[in-house]
Amino acid sequence: MTFYKGFVNVIAMNKTNIALIGCGFLGQRHLKTLHALKNKANIVAICDHHLEHAKALHWQYHVPVVQDYREITEPLDAVSICTPTTTHFEIASYFLNKGINTFVEKPITFNLQEADELIRLAEQKNLKLQVGHVERFNSAFTAIEPIAQDPLFIECHRLNLFPNRSLDIGVVMDLMIHDIDIVLGLVKSPIKDIQAVGINVLTDKEDIANARLTFANGCVCNITASRISPEVTRKIRMFTKNAYISLDYAKQEASVYSKDERGIHKKSLPIEKEEPLKKELEHFLDCVREDKRPKVSGVEGRDALKVALEINQKIWEHRQSTL
């Protein structure tokens, strides 16, 4: 809606009515971030099957609480789903069928059939479906993305402390899938071969994993992920024809090494550090309000899931062959 005052247009921005489904560690971060985006988001309900846990958040944020997402009666434009992966399809399909734009944390679903159905529903009903691959919104990545063209070799390390959460999935679906999504977005070529190994240490799923992806265009990518590391590391390094690029997601820093007749030169890129989750959720709200395609739609989420599932299969095939 536009009001005219003299020669100045004043735009009254319609807020997006959004509900949060799942109030665990990540859900609470979403809630805090959406609350900070109150110029764009109106949080109308929060939902968690641990009702007492959700009630504590009600007193902090003064938002209605329900135990079952099907009990939400407030008018909704969108939802943010931060529940265990095995529940993503059930919850996301419910809201898409209701005509509600949907943000779902990564991985998009537990299997490809579920992902395909969510994509179909979103397309059929002309809704936004965005998947939470947050590193796409890291300021360091957006700084190097324009110059990281046609990489020849990529190396990723994503090491984390044991989380005591997200234990319904292994480290490939929990952590490595972030780098899988980044690599697929950079290389833009079909995968020709996948080799992978991994071991379970503290859970019955892989806690450490390494994958080597070979692409049809010749690019090779080596990805390592661990959720039992004594320290946190989130880095990616890549070689292009004319440069070596080093990026630290955690510090939001990036450097480019290039060569000329005088030798090798290092350039630290100027980066305005911002909270990636805030940029990600703001992007989703903007896509809903302005009818834009999300940067990481259901299609990109499915692509990353497909590779993650293939890596998992290779890991357990390798384990069986060595028993």
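All of these numbers come straight from a predicted model, not from anything done at the bench. All residue numbers in this chain count up from 1 along the given sequence. These numbers come from the heavy atoms of this one structure, side chains and all, not from hydrogens, waters or symmetry mates.
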>> If you count heavy atoms of other groups shown closer than 6.0 angstrom to NZ of Lys98, is the number above 12?
In response: no
> Within the side chain of Glu206, is there an N or O that forms a donor-acceptor pair under 3.5 Å with the backbone of Val172?
Replying inline: yes
>> Any non-hydrogen side-chain atom of Thr203 less than 4.5 Å from a side-chain atom of Arg227?
In response: yes
> Given the rule that I, L, V, M, F, W and Y join up when any side-chain heavy atoms are under 4.5 Å apart, are Leu20 and Leu51 in one cluster?
Replying inline: yes
>> Please give me the minimum heavy-atom distance between Val187 and Pro151, naming the atom from each residue.
In response: CG2-CG, 4.2 Å
> Quick one: CG on Leu281 to OG on Ser80, what's the gap to the nearest 0.5 Å?
Replying inline: 5.5 Å
>> What verdict does the side chain to side chain donor-acceptor pair (under 3.5 Å) test give for Ser297 and Arg293, after you've listed the backbone C-alpha separation in whole Å, the side-chain angles of each residue and the deciding distance to 0.1 Å?
In response: CA-CA 7 Å; Ser297 72; Arg293 184 186 188 277; 2.9 Å; yes
> Is it the case that Asp193 and Gln195 place a side-chain donor and acceptor less than 3.5 Å from each other?
Replying inline: yes
> With no hydrogens and no angle check, is any side-chain donor or acceptor of Thr102 less than 3.5 Å from a backbone partner on Ile100?
Replying inline: yes
>> In this structure, would Val131 and Val134 fall into the same cluster of hydrophobic residues linked by side-chain contacts under 4.5 Å?
In response: no
>> Apply side chain to side chain donor-acceptor pair (under 3.5 Å) to residues Gln28 and His53 and explain how you reach the verdict.
In response: CA-CA 11 Å; Gln28 289 184 52; His53 177 66; 3.2 Å; yes
> Will you find, in the side chains of Asn210 and Thr224, an N or O donor that is under 3.5 Å from an N or O acceptor?
Replying inline: yes
> Taking C-beta and beyond as the side chain, do Ile46 and Val66 meet within less than 4.5 Å on heavy atoms?
Replying inline: no
>> I'd like to check Lys235 versus Ser246 (side-chain heavy atoms, cut-off strictly below 4.5 Å). Are they in contact?
In response: no
>> In terms of relative ring orientation, are Tyr94 and Tyr69 parallel, tilted or perpendicular, with 30° and 60° separating the classes?
In response: perpendicular
>> With a 6.0 Å cut-off (strictly less than), is the heavy-atom count around NZ of Lys273, excluding the residue itself, greater than 12?
In response: yes
> Can we say Asp181 and Arg136 salt-bridge, meaning some charged N sits less than 4.0 Å from an Asp/Glu carboxylate O?
Replying inline: yes
>> Within the supplied structure, the quantity of interest is the number of heavy atoms (other residues, nucleotides, ligands) at a distance under 6.0 Å from Glu290 CD; does it exceed 12?
In response: yes
>> Could you tell me if Lys295 sits above the aromatic ring of Phe137, with its cationic atom closer than 6.0 Å to the ring centre and no more than 45 degrees from the axis?
In response: yes
> Does any non-hydrogen side-chain atom of Val79 lie less than 4.5 Å from one of Ile91?
Replying inline: no
> If you look at every heavy atom in Ala78 and Thr16, which pair is closest and at what distance?
Replying inline: CB-CG2, 4.0 Å
> Is there a salt bridge (charged side-chain N to carboxylate O under 4.0 Å, His left out) between Asp77 and Arg289 once you walk through the steps?
Replying inline: CA-CA 9 Å; Asp77 302 308; Arg289 192 178 64 255; over 6 Å; no
>> Surrounding CZ of Phe110 (heavy atoms of other residues, nucleotides or ligands, distance under 6.0 Å), is the total greater than 12?
In response: no
> Is there side-chain contact between Lys292 and Pro294, with at least one heavy-atom pair below 4.5 Å?
Replying inline: no
> For the side chain of Asn101 and the backbone of Lys128, is there at least one donor-acceptor N/O pair under 3.5 Å apart?
Replying inline: yes
>> To the nearest 0.5 Å, what is the distance between CG on Asp291 and CG on Leu127?
In response: 10.0 Å
> Shortest non-hydrogen contact from Ile119 to Gly298?
Replying inline: CD1-O, 3.4 Å
> Donor-acceptor pair, Lys15 side chain versus Lys38 backbone, under 3.5 Å?
Replying inline: yes
>> For a salt bridge (charged side-chain N to carboxylate O under 4.0 Å, His left out) check, start with the C-alpha distance between Arg302 and Asp116, then their side-chain angles and the critical distance, and finish with the verdict.
In response: CA-CA 8 Å; Arg302 184 199 187 276; Asp116 288 336; 2.4 Å; yes
>> Tell me whether Ser229 contacts the main-chain N or O of Ser226 through its side chain, where contact means a donor paired with an acceptor under 3.5 Å.
In response: no
> How far apart are the C-alpha atoms of Asn160 and Arg234, what are their side-chain angles, what is the distance that settles it, and do they pass the side chain to side chain contact (heavy atoms under 4.5 Å, CB included) test?
Replying inline: CA-CA 8 Å; Asn160 210 2; Arg234 296 175 185 170; 3.9 Å; yes
>> Can you tell whether the side chains of Lys306 and Asp303 come within less than 4.0 Å, N to carboxylate O?
In response: no
> Can you check whether Val104's main-chain N or O pairs, donor with acceptor, with His88's side chain at less than 3.5 Å?
Replying inline: no
> What are the two closest non-hydrogen atoms of Leu285 and Ala41, and how far apart are they?
Replying inline: CD1-CB, 3.8 Å
>> Can you confirm whether Asn17 sits close enough to Ile43 that some side-chain heavy atom of one is under 4.5 Å from a side-chain heavy atom of the other?
In response: no
> So with a 6.0 Å cut-off around NZ of Lys192, is the heavy-atom count from everything else above 12?
Replying inline: no
> Is there a chain of hydrophobic side chains (I, L, V, M, F, W, Y, each step under 4.5 Å between heavy atoms) that links Val220 to Met238?
Replying inline: no
>> For a quick test of reading the model, state the closest non-hydrogen atom pair linking Ile169 to Pro107 and the distance between them.
In response: CD1-CD, 4.1 Å
> Parallel, tilted or perpendicular: which describes the rings of Tyr61 and His35, with under 30° parallel and over 60° perpendicular?
Replying inline: perpendicular
>> Can you confirm whether the side chains of Glu317 and Gln313 place a donor and an acceptor under 3.5 Å from each other?
In response: yes
>> Please determine whether side chain to side chain contact (heavy atoms under 4.5 Å, CB included) holds for the pair Ile108 and Glu300, giving the CA-CA distance in whole Å, both sets of side-chain angles, and the decisive distance to 0.1 Å.
In response: CA-CA 9 Å; Ile108 179 173; Glu300 286 77 19; over 6 Å; no
> Is any side-chain heavy atom of Leu31 less than 4.5 Å from a side-chain heavy atom of Leu57?
Replying inline: yes
>> Looking at Lys279, I'd like to know if its NZ atom is crowded, meaning that more than 12 non-hydrogen atoms belonging to other residues, nucleotides or ligands lie closer than 6.0 Å.
In response: yes
>> Show, in sequence, the C-alpha distance, side-chain angles and deciding distance for His30 and Phe103, and conclude whether the ring-ring contact (aromatic ring centres under 6.0 Å, His included) test is met.
In response: CA-CA 11 Å; His30 275 238; Phe103 180 102; 5.5 Å; yes
> If you look at every heavy atom in Cys23 and Asp48, which pair is closest and at what distance?
Replying inline: N-OD2, 2.7 Å
> Can you tell if the side chain of Lys205 reaches within under 4.5 Å of the side chain of Met173, non-hydrogen atoms only?
Replying inline: no
>> Between Glu123 and Arg120, does any NZ, NE, NH1 or NH2 come within less than 4.0 Å of an OD or OE carboxylate oxygen?
In response: no
> Is it true that Tyr257 and His265 have ring centroids separated by less than 6.0 Å?
Replying inline: no
> Is there a path from Ile177 to Tyr249 through hydrophobic residues (I, L, V, M, F, W, Y) whose side chains come within less than 4.5 Å of each other?
Replying inline: no
>> Using 0.5 Å steps for rounding, measure from the SG atom of Cys156 to the CG atom of Asn222.
In response: 8.5 Å
>> What verdict does the side chain to side chain contact (heavy atoms under 4.5 Å, CB included) test give for Asp174 and Lys106, after you've listed the backbone C-alpha separation in whole Å, the side-chain angles of each residue and the deciding distance to 0.1 Å?
In response: CA-CA 8 Å; Asp174 185 20; Lys106 59 81 196 164; 3.4 Å; yes
> Would you say Phe89 and Val296 are hydrophobically clustered, going by side-chain heavy atoms of ILVMFWY under 4.5 Å?
Replying inline: yes
>> Does the Lys NZ or Arg CZ of Arg237 fall within the cation-pi geometry relative to Phe153 - under 6.0 Å from the ring centre and within 45° of the axis?
In response: no
> Could you walk me through whether Asn138 and Gln252 pass the side chain to side chain contact (heavy atoms under 4.5 Å, CB included) check?
Replying inline: CA-CA 7 Å; Asn138 190 295; Gln252 294 192 45; 3.6 Å; yes
>> Between His133 (side chain only) and His178 (backbone N and O only), is there a donor and an acceptor less than 3.5 Å apart?
In response: no
